[in-house]
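Owing to the predicted nature of the structure, the values given are computational and were not obtained by experimental measurement.
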Amino acid sequence: MSNLLSYKNYNGTVEYSKEDSCLFGKVVGIKSLLSYEGDSVQELEQDFQNVIDEYLADCKERNMEPEQPYKGTFNVRISPELHRNIAIYAIEHGKSLNAAVEEAIGYIVRA
């Protein structure tokens with residue numbers, strides 16, 4: 001079960017403000033700050049979608065490439081022992097280090 005909203009490959013959080021009695025969130029995975037709110041789940045989802053549509057339209061109008069939340073590359077810091085173990089696994093299975101790490105991540109998230 002996920003507490004993320006998804007629309008056009010963008011994801012956003014769902015949070016509750018007791019102080020303001022409203023739901024709110026922000027788009028995650030990009031540097032731009034895109035936030036939204038609503039008094040109901042339906043309003044929150046609609047405002048989330050509107051924010052994404054407005055962001056994409058603004059990028060198009062400015063002739064800019066919109067940020068993509070997941071490009072398929074990221075840096076990970078791990079212990080030297082784990083690095084050695086995954087490298088040995090990759091060698092023993094005739095895989096690249098990237099392929100072995102992708103396999104391990106896929107196993108965890110069942111992708």
Side-chain angles (χ1 to χ4, degrees):
M1 183 173 168
S2 174
N3 287 331
L4 291 178
L5 299 175
S6 295
Y7 180 66
K8 295 185 177 180
N9 268 349
Y10 291 88
N11 295 306
T13 61
V14 176
E15 300 182 53
Y16 173 68
S17 170
K18 186 174 182 178
E19 186 176 289
D20 298 322
S21 295
C22 75
L23 298 166
F24 69 97
K26 68 177 183 174
V27 176
V28 293
I30 62 174
K31 292 178 184 174
S32 297
L33 177 58
L34 304 177
S35 60
Y36 43 90
E37 63 181 54
D39 291 327
S40 68
V41 172
Q42 293 79 13
E43 283 183 22
L44 183 73
E45 288 178 349
Q46 187 60 57
D47 199 36
F48 168 68
Q49 291 177 6
N50 290 344
V51 163
I52 297 298
D53 288 338
E54 289 169 8
Y55 170 69
L56 295 174
D58 186 51
C59 287
K60 186 175 183 178
E61 185 178 301
R62 294 173 183 229
N63 204 23
M64 293 173 38
E65 198 64 34
E67 290 180 68
Q68 296 301 312
Y70 306 105
K71 298 175 187 137
T73 62
F74 62 97
N75 294 324
V76 178
R77 288 188 174 87
I78 58 176
S79 71
E81 181 181 359
L82 184 56
H83 189 173
R84 181 179 63 250
N85 290 343
I86 191 73
I88 291 169
Y89 174 88
I91 292 165
E92 289 175 343
H93 291 84
K95 299 178 181 212
S96 69
L97 183 57
N98 279 341
V101 170
E102 184 175 2
E103 179 184 326
I105 293 171
Y107 177 77
I108 291 170
V109 299
R110 309 261 188 245

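Linking ILVMFWY residues whenever their side-chain heavy atoms come closer than 4.5 Å, directly or via other members, leaves Ile88 and Ile105 in distinct clusters. In terms of hydrophobic clustering, with Ile, Leu, Val, Met, Phe, Trp and Tyr side chains grouped at heavy-atom distances under 4.5 Å, Val28 and Leu5 are assigned to different clusters.
Screening residues 47-60 for side-chain hydrogen bond (donor to acceptor under 3.5 Å, both in side chains) gives Tyr7-Asp53, Lys8-Asp53, Gln46-Asn50, Asp58-Arg62 as the qualifying pairs, with residues at least two apart or on separate chains.
When every heavy atom of Tyr10 is checked against every heavy atom of Pro66, the shortest pair comes out as OH-CB, 3.8 Å.
Note: Asn11 CG to Asn3 CG = 12.0 Å, rounded to the nearest 0.5 Å. Residue Asp39 holds its CG atom at 6.5 Å from SG of Cys22, rounded to the nearest 0.5 Å.
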Mind listing the side-chain donor-acceptor pairs of residues 76-85 below 3.5 Å, one per line with the distance, residues two or more places apart or on another chain?
residue : atom : partner : partner atom : Å
Ser79   : OG   : Leu82   : N            : 3.1
Asn85   : ND2  : Glu81   : O            : 3.4

Extract all donor-acceptor atom pairs below 3.5 Å that involve side chains of residues 30-37 and protein atoms in other chains or at least two apart in sequence.
residue : atom : partner : partner atom : Å
Ser32   : OG   : Glu67   : OE2          : 2.5
Tyr36   : OH   : Thr13   : N            : 2.9
Tyr36   : OH   : Thr13   : O            : 2.7
Tyr36   : OH   : Lys26   : N            : 3.4
Tyr36   : OH   : Lys26   : O            : 3.4

Enumerate, atom names and distances included, each donor-acceptor pair closer than 3.5 Å involving a side-chain atom of residues 91-102, sequence neighbours excluded.
residue : atom : partner : partner atom : Å
His93   : ND1  : Tyr89   : O            : 2.8
Lys95   : NZ   : Glu103  : OE1          : 2.1
Ser96   : OG   : Ala99   : N            : 3.0

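Scanning for ring pair (Phe, Tyr, Trp, His ring centres under 6.0 Å) contacts around Tyr70 gives an empty result, with sequence neighbours left out. Annotation: side chain to side chain donor-acceptor pair (under 3.5 Å) contacts of Asn63 (sequence neighbours excluded): none.
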